[in-house]
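Contents: one structure, followed by commentary.
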Amino acid sequence: MSTPTQPLDFAGIDSLLDEEEIAVRATTRRFVDDQIRPNIANWFEAGTVPARELAPELGKLGLLGMHLEGYGCAGLSATSYGLACMELEAGDSGLRSLVSVQGSLAMYAIWKYGSEEQKTEWLPRMAKGEAIGCFGLTEPDYGSDPGGMRTRARRDGEDWILTGNKMWITNGSIADVAVVWAQTDDGIRGFVVPTDTAGFSAPEIKKKMSLRASITSELVMDSVRLPASAVMPGAKGLSGPLGCLNEARFGIVFGALGAARDCLAAALTYVGERQLYGQALASYQITQTKLADMSVELTKGMLLALHLGRLKDGGGLDHRQISLGKLNNVREALAIARECRTLFGAAGITLEYPMMRHANNLESVLTYEGTSEVHQLILGQALTGHAAFR
Ligand code: TGC
Ligand code: FAD
């Protein structure tokens, strides 16, 4: 029997988790409490994050590529991975991004589509956080519509010559290896590109108001010469990169709720302490209405995330169900972050409290991994049979 008394788990959803899931969550939460919370406001303000130092720590905890089997990866369940994402994003969406891009995009691409040589070369070091990966799909003119990408790889004898620009690439400037998607005579293919290859550069994008504790970059590929072995044999066509996005989107379904939970936790403490008109802010009906509604949305989002996790672990999760989860949970998390911010008045706009930082981060989360409109269109197509993208 669960008791509905935990403010942040009102429905007693914890009782649905198994021992492994609770242990992964506790370990990740401790890491975030010890290493992220004391520093995150400063990193966010400075627009930086010590990703190279954090990666080996995350690797030691088994959080990099944690849902993959073999090659030094932890081989844990999808639900455990989701719960870890939730704790990481309770710290900051930038931290979850670091882990998502490493494990669900760069490592997953190599794990799923790469040659044995590519897997043994990169995956063990990436799992340890000794090598960092990035995932280059988006281009300046092709974000929601990656099928139109202009980056091209052409054959030159046995070699490939890769030319083009990718935009908004998480971890780009610090990556040791870039998974880059390009048009070829044989359709869209993925390439494993060591970032020290001549002609490859990754200037960092600055002046961001969101995901400030995350590195975002452009990838410039100026006739990058690659050996024949650089292409990933298992991916042909857009379904290759989209298959990786399914993994990262799944993590976000849980992750976004971590940011929302962190905001609600801060708000519950604050409204109990803040005195207005001689009474605690918590004692007013309008405050309680806000808190109740946010608790309802957090609970619904968590039930949805857990259900999708169970489907994924059972092997029966459809990518359109992931779209449903990503659309709902990011949208509601952003609404919760903004609503919590109102409860703090002016104090809510500072980095003393997490709401504004989470809300600003969630603007990126709403956009990346498929914008909310793209996920609405995916659901619209599933519901009606009509594709309305074009
Ligand atoms: P469409 O014709 O529908 O599909 C092309 C081929 O792909 C297959 N497919 C999928 N396969 C696996 N998983 C999915 N989710 C799939 N969706 C479609 C489809 O069956 C087809 O296969 P085939 O064999 O017939 O060729 O493609 P479309 O060009 O009409 O595009 C559809 C659309 C809109 C769904 C897609 O382009 C899309 O999802 N756009 C959004 C792009 C996006 O999400 N980009 C994210 C970039 S990475 C990122 O943001 C990282 S942020 C990370 C962080 O910091 O956390
Ligand atoms: P656009 O596609 O230009 O969209 C603009 C607007 O038009 C949006 O509201 C969109 O929903 C809407 N729209 C698009 N198509 C339609 C349509 N058919 N009908 C109606 N409305 C439509 N990409 C990577 O490849 N790798 C990364 O690591 C990565 N990291 C990122 C990190 C950050 C911080 C951010 C912000 C982005 C990152 N991205 C990454 C890019 C991200 O995936 C794209 O920004 C996203 O896919 C949207 O593309 P766009 O920005 O070009 O917007």
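Note that ligands are numbered from 1 as they come in the structure, with each ligand's atoms numbered from 1 the same way.
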message: Under 3.5 Å between any N/O of Pro146 and any N/O of ligand 1: does that happen in this structure?
response: no

- prompt: Which is closest to atom 48 (S) of ligand 1 by heavy-atom distance: Leu137, Val374, Leu238, Leu245?
  reply: Leu245

- request: Give a yes or no answer on whether the side chain of Thr287 reaches the backbone of Leu281 with a donor-acceptor pair at less than 3.5 Å.
  value: yes

- prompt: Within the side chain of Glu297, is there an N or O that forms a donor-acceptor pair under 3.5 Å with the backbone of Ile336?
  reply: no

task: Give the contacting part of Arg249 toward ligand 1: side chain, backbone, both or neither, where contact means a heavy-atom distance below 4.0 Å.
output: side chain

task: May I ask whether atom 37 (O) of ligand 1 is less than 4.0 Å from at least one protein heavy atom?
output: yes

field: Region of Thr371 that comes within reach of ligand 2 [heavy atoms, distance under 4.0 Å]
entry: side chain

- prompt: Is Thr138 in polar range of ligand 1, meaning some N or O pair under 3.5 Å apart?
  reply: no

- request: Check Leu377 against ligand 2 and report side chain, backbone, both or neither, counting heavy atoms closer than 4.0 Å.
  value: side chain

task: Using protein heavy atoms only, decide if any is under 4.0 Å from atom 3 (O) of ligand 2.
output: no

message: Just to be sure I read this right, does ligand 1 sit under 4.0 Å from the backbone of Trp168, its side chain, both, or neither, counting only heavy atoms?
response: neither

message: As a test of the contact definition, would atom 21 (C) of ligand 1 count as having a protein heavy-atom neighbour under 4.0 Å?
response: no

field: For ligand 1, the portion of His319 having any non-hydrogen atom under 4.0 Å away
entry: side chain

- prompt: Does atom 39 (N) of ligand 2 have a protein non-hydrogen atom under 4.0 Å from it?
  reply: yes

- request: Mind checking whether Leu105 contacts ligand 1 via backbone (N, CA, C, O), side chain (CB onward), both or neither, at a 4.0 Å heavy-atom cut-off?
  value: side chain

task: With heavy atoms under 4.0 Å as the rule, classify the contact between Ile322 and ligand 1 as side chain, backbone, both or neither.
output: neither

- request: Using a distance threshold of 4.0 Å (strictly less than), state whether atom 27 (C) of ligand 2 has a protein heavy-atom neighbour.
  value: yes

query: From atom 2 (O) of ligand 1, is the closest protein heavy-atom distance below 4.0 Å?
result: no

message: Please check: side-chain N/O of Ser104 versus main-chain N/O of Val101, any donor-acceptor pairing under 3.5 Å?
response: no

task: Using heavy-atom distances, let me know which of Leu377, Leu242, Leu211, Asn246 sits nearest atom 15 (N) of ligand 1.
output: Asn246

query: Within a distance of under 4.0 Å, is there any protein heavy atom near atom 44 (O) of ligand 1?
result: yes

task: Please check if a non-hydrogen protein atom sits closer than 4.0 Å to atom 26 (O) of ligand 1.
output: no

- prompt: Where's the contact between Ile252 and ligand 1, heavy-atom distance under 4.0 Å: side chain, backbone, both or neither?
  reply: neither

query: For ligand 2, which atoms sit closer than 4.0 Å to a heavy atom of Phe389?
result: 18 (N)

- request: Using a 4.0 Å heavy-atom threshold (strictly under), name the region of Val101 that reaches ligand 1: side chain, backbone, both or neither.
  value: side chain

- request: Note the single closest protein heavy atom to atom 30 (O) of ligand 1, along with its residue, its atom name and the distance in Å.
  value: Arg390 NH1, 3.0 Å

- prompt: Within the distance-only criterion (no hydrogens, no angle test), does the side chain of Asn171 pair as donor or acceptor with the backbone N or O of Ala175 below 3.5 angstrom?
  reply: no

Within-cutoff protein neighbour (heavy atom, under 4.0 Å) for atom 6 (C) of ligand 2: no

message: Could you tell me, atom by atom, which parts of ligand 2 come under 4.0 Å of a heavy atom of Leu137?
response: 25 (O)

query: Looking only at heavy atoms of Gly147, does any of them come nearer than 4.0 Å to an atom of ligand 1?
result: no

field: Which segment of Ser144 sits under 4.0 Å of ligand 1 when only heavy atoms are counted
entry: backbone

message: Considering non-hydrogen atoms of the protein only, which is the closest contact for atom 34 (C) of ligand 2, and what is the distance?
response: Ser364 OG, 3.7 Å

field: Option set Thr216, Thr138, Val374, Asn361, criterion heavy-atom distance to atom 43 (O) of ligand 2, minimum
entry: Thr138

- prompt: Given Ser100, Pro241, Ser239, which one has a non-hydrogen atom that is nearest to atom 8 (C) of ligand 1?
  reply: Ser239

- prompt: Considering all protein heavy atoms, does one lie under 4.0 Å from atom 22 (C) of ligand 2?
  reply: no

task: May I ask whether atom 32 (C) of ligand 1 is less than 4.0 Å from at least one protein heavy atom?
output: no

Atom 17 (N) of ligand 1 touched by protein (heavy atom, under 4.0 Å): yes

